[in-house]
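Per chain, numbering begins at 1; letters A, B, ... match sequence-line order. Just so you know, these numbers come straight off a predicted model, no measurement behind them.
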Amino acid sequence: MRIGELAKLSNTPTRSLRYYEEQGLIRPSRLDNGYRDYQPYLIDRAVQIRGLIDSGIPTKIIALILPCLDTPRGIVPEDIEPELVQILAQERDRMTQRIDFLTRNRDSIATYINAANDALATRADSDHGTGTPA
DNA sequence: CTTCTGACA
DNA sequence: TGTCAGGA
(Lines give C-alpha, C1' and ligand atoms only; values in the text may rest on other atoms or scores of the structure.)
Protein backbone atom coordinates (compact mmCIF):
# COMPACT_ATOMS: atom_id res chain seq x y z
CA MET A 1 0.00 0.00 0.00
CA ARG A 2 1.09 3.57 -0.56
CA ILE A 3 1.68 6.19 2.12
CA GLY A 4 -1.81 7.65 1.93
CA GLU A 5 -3.50 4.37 2.79
CA LEU A 6 -1.09 3.58 5.60
CA ALA A 7 -1.71 7.06 6.95
CA LYS A 8 -5.44 6.35 7.14
CA LEU A 9 -5.15 2.83 8.53
CA SER A 10 -2.69 3.86 11.22
CA ASN A 11 -4.14 7.37 11.55
CA THR A 12 -0.65 8.77 11.35
CA PRO A 13 0.08 11.82 9.21
CA THR A 14 2.11 11.13 6.06
CA ARG A 15 4.54 13.72 7.32
CA SER A 16 5.27 11.50 10.31
CA LEU A 17 5.54 8.34 8.24
CA ARG A 18 8.21 9.97 6.09
CA TYR A 19 9.91 11.23 9.24
CA TYR A 20 10.00 7.72 10.72
CA GLU A 21 11.73 6.48 7.62
CA GLU A 22 14.21 9.33 7.81
CA GLN A 23 14.95 8.25 11.39
CA GLY A 24 15.49 4.69 10.28
CA LEU A 25 12.42 3.40 12.11
CA ILE A 26 10.80 1.89 9.02
CA ARG A 27 12.13 1.26 5.57
CA PRO A 28 9.40 0.83 3.00
CA SER A 29 10.36 -0.39 -0.46
CA ARG A 30 9.76 1.79 -3.47
CA LEU A 31 7.44 1.39 -6.41
CA ASP A 32 8.71 1.92 -9.94
CA ASN A 33 7.38 5.46 -9.84
CA GLY A 34 9.35 6.19 -6.68
CA TYR A 35 6.33 6.05 -4.38
CA ARG A 36 6.88 4.36 -1.01
CA ASP A 37 5.39 0.86 -0.77
CA TYR A 38 4.40 -0.33 2.69
CA GLN A 39 3.74 -3.92 3.78
CA PRO A 40 0.54 -4.40 5.82
CA TYR A 41 2.45 -5.31 9.03
CA LEU A 42 3.77 -1.75 8.99
CA ILE A 43 0.31 -0.53 10.03
CA ASP A 44 0.93 -1.87 13.53
CA ARG A 45 4.50 -0.72 13.51
CA ALA A 46 3.47 2.81 12.62
CA VAL A 47 1.03 2.81 15.54
CA GLN A 48 3.73 1.47 17.85
CA ILE A 49 6.21 4.11 16.78
CA ARG A 50 3.65 6.85 17.22
CA GLY A 51 2.92 5.61 20.70
CA LEU A 52 6.57 5.50 21.64
CA ILE A 53 7.18 9.00 20.31
CA ASP A 54 4.08 10.27 22.12
CA SER A 55 5.59 8.75 25.26
CA GLY A 56 8.52 11.05 24.82
CA ILE A 57 11.01 8.40 23.79
CA PRO A 58 13.70 9.70 21.41
CA THR A 59 13.78 8.12 17.96
CA LYS A 60 17.33 6.95 18.59
CA ILE A 61 16.06 4.76 21.44
CA ILE A 62 13.02 3.64 19.50
CA ALA A 63 15.30 2.34 16.79
CA LEU A 64 16.97 0.19 19.44
CA ILE A 65 13.68 -1.06 20.87
CA LEU A 66 11.79 -1.99 17.70
CA PRO A 67 13.95 -5.02 16.87
CA CYS A 68 13.26 -6.36 20.38
CA LEU A 69 9.52 -5.81 19.99
CA ASP A 70 9.58 -7.81 16.78
CA THR A 71 11.08 -10.84 18.52
CA PRO A 72 8.05 -13.17 18.41
CA ARG A 73 8.22 -14.53 21.99
CA GLY A 74 10.90 -15.32 24.46
CA ILE A 75 14.30 -13.75 24.93
CA VAL A 76 17.55 -15.57 24.45
CA PRO A 77 19.86 -14.89 27.42
CA GLU A 78 22.91 -15.24 25.20
CA ASP A 79 21.66 -12.46 22.88
CA ILE A 80 21.04 -9.89 25.61
CA GLU A 81 23.21 -6.81 25.20
CA PRO A 82 24.05 -5.30 28.62
CA GLU A 83 24.65 -1.89 27.05
CA LEU A 84 21.11 -1.85 25.66
CA VAL A 85 19.62 -2.91 28.97
CA GLN A 86 21.49 -0.06 30.63
CA ILE A 87 20.18 2.45 28.10
CA LEU A 88 16.63 1.17 28.47
CA ALA A 89 16.84 1.39 32.26
CA GLN A 90 17.87 5.01 31.89
CA GLU A 91 14.95 5.60 29.55
CA ARG A 92 12.61 3.92 32.04
CA ASP A 93 13.74 6.40 34.68
CA ARG A 94 13.09 9.33 32.37
CA MET A 95 9.60 8.00 31.77
CA THR A 96 9.05 7.84 35.52
CA GLN A 97 10.15 11.44 35.91
CA ARG A 98 7.85 12.49 33.10
CA ILE A 99 4.95 10.64 34.68
CA ASP A 100 5.54 12.44 37.99
CA PHE A 101 5.67 15.73 36.16
CA LEU A 102 2.41 15.04 34.33
CA THR A 103 0.77 13.82 37.51
CA ARG A 104 1.51 17.08 39.29
CA ASN A 105 0.15 19.16 36.44
CA ARG A 106 -2.92 16.98 36.09
CA ASP A 107 -3.62 17.35 39.78
CA SER A 108 -3.27 21.11 39.79
CA ILE A 109 -5.56 21.34 36.79
CA ALA A 110 -8.06 19.04 38.50
CA THR A 111 -7.94 21.27 41.55
CA TYR A 112 -8.65 24.31 39.44
CA ILE A 113 -11.56 22.59 37.71
CA ASN A 114 -13.12 21.67 41.04
CA ALA A 115 -12.75 25.20 42.37
CA ALA A 116 -14.19 26.62 39.18
CA ASN A 117 -17.16 24.27 39.26
CA ASP A 118 -17.82 25.15 42.89
CA ALA A 119 -17.79 28.83 42.04
CA LEU A 120 -20.15 28.27 39.10
CA ALA A 121 -22.49 26.19 41.25
CA THR A 122 -22.57 28.93 43.90
CA ARG A 123 -23.31 31.55 41.27
CA ALA A 124 -26.13 29.42 39.83
CA ASP A 125 -27.78 29.21 43.25
CA SER A 126 -28.36 32.94 43.60
CA ASP A 127 -28.70 33.46 39.87
CA HIS A 128 -31.98 31.60 39.43
CA GLY A 129 -33.88 31.26 36.15
CA THR A 130 -32.08 32.01 32.87
CA GLY A 131 -28.65 31.20 34.19
CA THR A 132 -26.16 33.17 32.12
CA PRO A 133 -27.79 35.50 29.57
CA ALA A 134 -25.86 37.50 26.97
C1' DC B 1 -5.59 12.90 -7.95
C1' DT B 2 -1.44 11.11 -5.20
C1' DT B 3 3.21 11.23 -3.92
C1' DC B 4 8.16 13.19 -3.71
C1' DT B 5 11.83 16.26 -1.75
C1' DG B 6 13.19 20.23 0.47
C1' DA B 7 12.37 24.18 3.20
C1' DC B 8 10.42 27.60 6.83
C1' DA B 9 6.43 34.65 7.73
C1' DT C 1 4.67 18.71 12.71
C1' DG C 2 2.05 21.62 9.58
C1' DT C 3 2.29 23.36 5.11
C1' DC C 4 3.65 25.23 0.79
C1' DA C 5 6.38 24.98 -3.58
C1' DG C 6 7.50 22.84 -7.96
C1' DG C 7 7.75 18.70 -10.40
C1' DA C 8 6.51 13.78 -11.96
Query - Partner nucleotide of C/dA8 by Watson-Crick or wobble geometry (both distances under 3.5 Å) - result: B/dT2

Query - Pairing partner (Watson-Crick or G-U wobble, both distances under 3.5 angstrom) of C/dT1 - result: none

Report summary line: In whole angstroms, the gap separating P of C/dT1 from CD1 of A/Ile49 amounts to 11 Å

Report task. With heavy atoms under 4.0 Å as the rule, sort A/Tyr38 into base, sugar-phosphate or nothing. Result -> nothing

Query - For atom CG of A/Leu17 and atom C1' of B/dC4, their distance in whole Å - result: 14 Å

**Report entry** Rounded distance (Å) that lies between atom P of B/dT3 and atom CE of A/Met1
**Finding:** 12 Å

Query - Phosphate OP1/OP2 of B/dC4 contacted by A/Arg18 side-chain N/O (<4.0 Å) - result: yes

Query - Gap between atoms CD1 and P, on A/Ile3 and C/dT1 respectively (whole Å) - result: 13 Å

Query raised in the report: With a 4.0 Å cut-off on heavy atoms, is A/Thr14 in touch with a base, just the backbone sugar-phosphate, or nothing at all?
Result: nothing

Query raised in the report: Nearest-Å distance, CG (A/Asn33) to C1' (B/dT2)?
Result: 9 Å

**Report entry** Per A/Tyr35 side chain, nearest of listed nucleotides B/dT5, B/dC8, C/dA8
**Finding:** C/dA8

Query raised in the report: Within the distance-only criterion (no hydrogens, no angle test), does the side chain of A/Thr12 pair as donor or acceptor with the backbone N or O of A/Ser10 below 3.5 angstrom?
Result: yes

Query - Residue A/Pro13, side-chain heavy atoms: nucleotide from B/dT5, C/dG2, B/dT2 that is nearest - result: C/dG2

Report task. Would you tell me if any nitrogen or oxygen in the side chain of A/Tyr19 comes within less than 4.0 Å of OP1 or OP2 on B/dT5? Result -> no

Requested in this report: Round to a whole Å and report the spacing from CD of A/Glu22 to C1' of B/dC4.
Outcome: 13 Å

Report summary line: In whole angstroms, the gap separating C1' of B/dC4 from CG of A/Leu31 amounts to 13 Å

Query - Name of the residue among A/Arg15, A/Arg45, A/Arg30 meeting salt bridge (Lys or Arg N to Asp or Glu O under 4.0 Å) with A/Glu21 - result: A/Arg30

Query raised in the report: Which nucleotide, C/dG2, B/dT2, B/dC4, lies nearest any side-chain atom of A/Arg2?
Result: B/dT2

Query raised in the report: Do A/Leu66 and A/Met95 share a hydrophobic cluster (ILVMFWY, side-chain heavy atoms under 4.5 Å, transitive)?
Result: yes

Query - Side-chain touch A/Gln90/A/Gln86, heavy atoms, less than 4.5 angstrom - result: yes

Report task. Could you pull out the closest heavy-atom pair between A/Glu91 and A/Pro58, with the gap in Å? Result -> OE2-CD, 3.5 Å

**Report entry** Distance below 4.0 Å between A/Arg15 side-chain N/O and C/dT3 OP1 or OP2
**Finding:** no

